[in-house]
There are 4 protein chains.
Amino acid sequence: MARALSNEKRNTIVETAKRLFAEQGFAATSVADIARVAELPVGSIYTYFSSKEELIRSIVDEGWADFRGRLQESFATTRSPEEIFGLLLDTFLPELLADLDFITILLNEGIVYTHIEEKAQELSSLISSVFAPITRQAPSLKDFTGTDMEAALLVYFLGVLGAVRVAKAANLSVTSSDVLAFLRLSIRNGLGIAI
Amino acid sequence: MARALSNEKRNTIVETAKRLFAEQGFAATSVADIARVAELPVGSIYTYFSSKEELIRSIVDEGWADFRGRLQESFATTRSPEEIFGLLLDTFLPELLADLDFITILLNEGIVYTHIEEKAQELSSLISSVFAPITRQAPSLKDFTGTDMEAALLVYFLGVLGAVRVAKAANLSVTSSDVLAFLRLSIRNGLGIAI
Amino acid sequence: MARALSNEKRNTIVETAKRLFAEQGFAATSVADIARVAELPVGSIYTYFSSKEELIRSIVDEGWADFRGRLQESFATTRSPEEIFGLLLDTFLPELLADLDFITILLNEGIVYTHIEEKAQELSSLISSVFAPITRQAPSLKDFTGTDMEAALLVYFLGVLGAVRVAKAANLSVTSSDVLAFLRLSIRNGLGIAI
Amino acid sequence: MARALSNEKRNTIVETAKRLFAEQGFAATSVADIARVAELPVGSIYTYFSSKEELIRSIVDEGWADFRGRLQESFATTRSPEEIFGLLLDTFLPELLADLDFITILLNEGIVYTHIEEKAQELSSLISSVFAPITRQAPSLKDFTGTDMEAALLVYFLGVLGAVRVAKAANLSVTSSDVLAFLRLSIRNGLGIAI
DNA sequence: TATGAATGAGACTTCATTCAT
DNA sequence: TATGAATGAAGTCTCATTCAT
């Protein structure tokens, strides 16, 4: 009978908080900041989230669920290395890079406020399971051990995200297209996969 | 003598603050925290630094100066690609990775509290000037444009730092040796440089 | 029919609020607390009471009216000292002590939120008028002045209530039966009334 | 070298808080209230007490230590029933009643914020040990069991405190002298002790 | 009428910085 | 110079009450 919780309001809060947390950091962003930018009264934030910490946790958890969902979807419906890398480069990474604020928060604040180690493990095993067959086919990777592969994935994944993030934050001339182009070249040359 | 004591105290403050800023973030670390952990009175902090912000700026600036100094030194006294990469892999990066707290602060807080864009530009041009001759010699890099190279450097540099950082924070099995080993392999295979 | 339902709800609110106010205090109990425990929506509370303060005032006033009603009833229909004290000890006090929450609220919050001084005056004159004839008959009370009597009534009345309350709150071995037994003895020995 | 903690300031805080907690209740008294009345900045309260709760606990614990100290002192240096009751009536109770705020807080808030049950047990055994020999001597008490005695002590103790408290709060004509006078009479008549 | 989301004043507490000692 | 108590602005969160639904 009373007003229903507004999904629109909740979204506004999440989006505003995500932006401010990414720009200024979690601790440096006050709930009042979020309320002011979102043009909502402070109390409303607490109608939708029981605490500032629950807010960041929701942002990270929901972003992560979305991220993992896309990844699993990609891997579930495709087969050949060409297709997998094509999806990664043309769909998955562009979408991920479009939500750079989520990445920034995950990397900067995730360690303290969320279980980033679980997420890293999860990601690692998910990717490994997909890449294992590929790496066995690529003759250029014969020298790489399993640990090398893990390290490689981490370096490329975090490198790409970090590069785009810093380029944007520091206003460098490098764009996310450039980074993806480099990645494409690396895969083509390093793994001999035609994409 | 009084001077020597002062330097020791200043060092204690810097090291303590660096650790705490890296672990908890700048905003979440209070000056009282630093004083308590450093076993110094709060007032002493203000004898050496005029504000909390000056403290983080000093940490970042001094760390950066040290970092750039090592880099320039490496490049000034060496010539061949093999030597350059050898130095990078055997001396420079291990030393840098040993001071992970500095990196963490630079990447997490640098954007807000220091001029990270200047540093990125500086690093970019410095590295480019060194790598330009190398890339011209490497036949495998003939497809790479200048922008690709910039992107590549960013990806590898931030990828290596990020990988080591996340591996440590998330308690992954990957170590910084693994990451450097992967990097060695990449350089060997990708650039055809024997190291 | 709607009326019956209303009374039931109103009762639930009053009983729940009385318990919580007694346990936690008025200021420490939120309207939302009451609603949650009573399993009613917050809005319902305001259908029956215009404010939180009106709620406590209603509790105290209605409890007091009930209390005074029982007292007057006892005194109106009985005569001899034996009968009066019998009623007090066997009916009135046991009933009063069964509603300890009311007493707790009256003593703890009554001073601020209700006119406890009026109630005290009222009680004092009511009791005095009943006890006056008795004390004139008891030879052992010949040394007691009117003021002594007032003090005596206060001490015994508040002493009994306080003892039962503290015994319960502090989980002492003394029970309300013990307290009443002591009171019976005191009256028997002190006033020479056979009960 | 820096300013020393001021006992005077701490006292002001304690006395102010004690008064306000007694008058309005703990929950209804804000730290800002205390600061305003004490004419101190809010922050200063937290220089001396780590929280509002620690403040009330300090008040209760220190008041209780003082109270118990006086009681033990009285009992340690005296012997005869006459002396004991004399001390109680002429020194101990008047001093206790002079600090009515402490009593009010102990009874109203002690249950939630301090371990009142421990204090009650402590008091009970302390008093019992003193009164045991007395009651054995008083022929008028031959009908009283140990439990009756415990109940009696509670009733008289809480009755006296409650009477004085309500009399003051409700502005009754009964004074604390009257209450003590009644108590003197009761002891004289009931126990046959000449005081 | 019944509901519970909405609101913003005000609660407790922290903290960077100052300055008396 | 060295110290840490002093300060009050600002932070997070609660809550009585209202009112759209």
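All chains are named by letter (A, B, ...) in the order of the sequence lines, taking the proteins before the strands, and each is independently numbered beginning at 1. Note that these values count all heavy atoms, side chains included, but never hydrogens, waters or copies made by symmetry.
Rounding to whole angstrom units, CG of residue Asp33(D) and P of dT13(E) are separated by 14 Å. Residue Glu8(A) contributes atom CD, which lies 15 Å from atom C1' of dA6(E) at whole-angstrom precision. What separates CZ of Arg57(B) from P of dA16(E) is a distance of 15 Å, to the nearest Å. What separates CZ of Arg10(A) from P of dA6(E) is a distance of 13 Å, to the nearest Å. Atom CD in Glu54(C) sits roughly 12 Å away from atom P in dT18(F) (whole-Å rounding). For the pair Ile45(A) CD1 and dT14(F) P, the interatomic distance rounds to 14 Å; values are reported in whole Å. The CG-C1' distance, from Leu40(B) to dT3(F), rounds to 11 Å in whole Å. The distance between atom CZ of Phe49(B) and atom P of dT18(E), rounded to the nearest whole Å, is 16 Å.
If you find the closest nucleotide of DNA chain E to Ser30(D) and to Ala4(A), the one lying nearer the 5' end belongs to Ala4(A). Positionally, the nearest nucleotide of DNA chain F for Gly43(D) lies more toward the 5' end than for the other of Phe26(C) and Gly43(D).
Closest to the side chain of Ser6(D), from the set dA6(E), dT3(F), dA6(F), is dA6(F). Comparing dA5(F), dT12(F), dT13(E) by their closest approach to the side chain of Val42(D) singles out dT13(E). Across dA2(F), dT17(F), dA16(E), the shortest atom-to-atom separation from the side chain of Tyr46(C) is found for dT17(F). Taking the side chain of Lys52(D) as heavy atoms from C-beta on, and the options dT13(E), dA5(F), dG4(F), the nearest nucleotide is dT13(E). Closest approach to the Thr47(D) side chain among dG8(E), dT3(F), dT7(F) is made by dT7(F) (side chain taken as heavy atoms from C-beta onward). Looking at the side chain of Pro41(D), the nearest of the listed nucleotides dT12(F), dT7(F), dC15(E) is dT7(F). Closest to the side chain of Arg3(D), from the set dC19(E), dA20(F), dC13(F), is dC19(E).
Side-chain nitrogen and oxygen atoms of Lys9(A) include none within less than 4.0 Å of the OP1 or OP2 phosphate oxygen of dA5(E). Under 4.0 angstrom from either OP1 or OP2 of dT3(E) there lies at least one side-chain N or O belonging to Ser44(C).
Partner of Phe49(A) under the side chain to side chain contact (heavy atoms under 4.5 Å, CB included) criterion, chosen from Val31(A), Ile13(A), Ile59(A): Ile13(A).
Here Thr29(B) lies in heavy-atom contact (under 4.0 Å) with sugar-phosphate atoms only. At a threshold of 4.0 angstrom between heavy atoms, the contacts of Tyr48(A) are confined to the sugar-phosphate backbone, with no base atom among them.
Residue Leu100(D) holds its CG atom at 7.5 Å from CG of Leu161(D), rounded to the nearest 0.5 Å. Here NZ of Lys18(D) is found 10.5 Å from OG1 of Thr16(D). Values are rounded to the nearest 0.5 Å.
Classification of Lys52(D) and Glu109(D) as a salt-bridged pair fails, no side-chain N sitting under 4.0 Å from a carboxylate O.
Under the Watson-Crick and G-U wobble criteria, each requiring two contacts below 3.5 Å, nucleotide dA2(E) is paired to dT21(F).
Panel note: side chain Asp33(B), backbone Ser30(B); a donor-acceptor pair is recorded below 3.5 Å.
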Going through the checks in order, is the side-chain contact (heavy atoms from CB on, under 4.5 Å) test met by Leu55(A) and Tyr48(A)? CA-CA 9 Å; Leu55(A) 178 50; Tyr48(A) 290 86; over 6 Å; no
